[in-house]
Amino acid sequence: MAPKIQQTKAAKAAAALAGGKKGKKKWNKGKVKDKAQHVVILDQDKYDRIMKEVPGFKFVSVSVLVDRLKIGGSMARVALRQLESDGVIKPIEKHSKQAIYTRA
């Protein structure tokens with residue numbers, strides 16, 4: 001058997017890069033959740049929409065406002081406090097983590 005010819009460093013690096021490209025098999029493609037584009041700064045038309053629609057809701061909470069009106073959570077909390085002070089909604093349960101209101 002003839003002796004093996006030694007490869008150059010460049011040839012060895014190219015051979016190392018060429019092999020094993022596939023990697024592990026992925027069993028699922030992965031579901032990508034759409035990032036919510038909620039408003040975080042209150043403008044006049046969003047304020048008018050809150051004042052018009054929220055008094056008609058039977059169940060009012062931060063998550064309801066975020067979901068239906070597409071506003072940020074901190075803005076929803078401020079809106080709930082404002083609506084309560086105006087007497088538009090009345091509290092059912094007030095907790096540090098979750099506040100539940102209903103129409104007045």
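Reckoned from all heavy atoms, side chains included, excluding hydrogens, waters and symmetry mates.
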Within 45° of the six-membered ring axis of Phe57 and under 6.0 Å from that ring's centre, is NZ or CZ of Arg68 located there?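 Geometry flag: set, cation within 6.0 Å and 45°.
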
Within a radius of less than 6.0 Å around NZ of Lys90, do more than 12 heavy atoms belonging to other residues, nucleotides or ligands occur?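 No, because the 6.0 Å sphere around NZ of Lys90 holds 12 heavy atoms or fewer from other groups.
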
Separation between [atom1] of [X] and [atom2] of [Y], rounded to the nearest 0.5 Å:
X: Leu42; Y: Gln82; atom1: CG; atom2: CD; value: 10.0 Å
X: Ile41; Y: Lys46; atom1: CD1; atom2: NZ; value: 13.0 Å
X: Ile89; Y: Ile100; atom1: CD1; atom2: CD1; value: 12.0 Å
X: Leu65; Y: Glu53; atom1: CG; atom2: CD; value: 10.0 Å
X: Lys94; Y: Glu84; atom1: NZ; atom2: CD; value: 3.5 Å

If every non-hydrogen atom of Ser61 is compared with every non-hydrogen atom of Leu80, which pair is closest and at what distance?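 Answer, listing the atom of Ser61 first, then Leu80: C-CD1, 3.8 Å.
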
So, for Gly87 and Ala104, which heavy atoms are closest and what is the spacing to 0.1 Å?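 Looking at all heavy atoms of both residues, the shortest contact is O-CB, 3.4 Å.
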
Apply side-chain contact (heavy atoms from CB on, under 4.5 Å) to Leu83 and Val60, showing your working. CA-CA 11 Å; Leu83 289 166; Val60 185; 5.7 Å; no

Can you get from Val78 to Tyr101 by hopping between Ile, Leu, Val, Met, Phe, Trp and Tyr side chains that sit under 4.5 Å apart?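 Different clusters: Val78 never reaches Tyr101 through Ile, Leu, Val, Met, Phe, Trp or Tyr contacts under 4.5 Å.
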
Val40 and Met75: same hydrophobic cluster, using ILVMFWY side-chain contacts below 4.5 Å?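 The answer is no; the residues belong to distinct hydrophobic clusters.
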
Does Arg103 use its side chain to pair, donor to acceptor, with the backbone of Gly56 at less than 3.5 Å?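 Answer holds: yes.
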
Under the 3.5 angstrom rule, does the side chain of Thr102 hit a backbone N or O of Lys58 as a donor-acceptor pair?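 Side chain of Thr102 to backbone of Lys58: a pair is present.
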
Exactly one of Val66, Leu69, Asp67, Ile71 should register a side chain to side chain contact (heavy atoms under 4.5 Å, CB included) with His38. Which one does?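 Single side chain to side chain contact (heavy atoms under 4.5 Å, CB included) partner of His38 among Val66, Leu69, Asp67, Ile71: Val66.
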
Residues Lys9, Lys12; criterion side-chain contact (heavy atoms from CB on, under 4.5 Å); working and verdict: CA-CA 5 Å; Lys9 280 189 178 182; Lys12 284 183 186 177; 5.7 Å; no

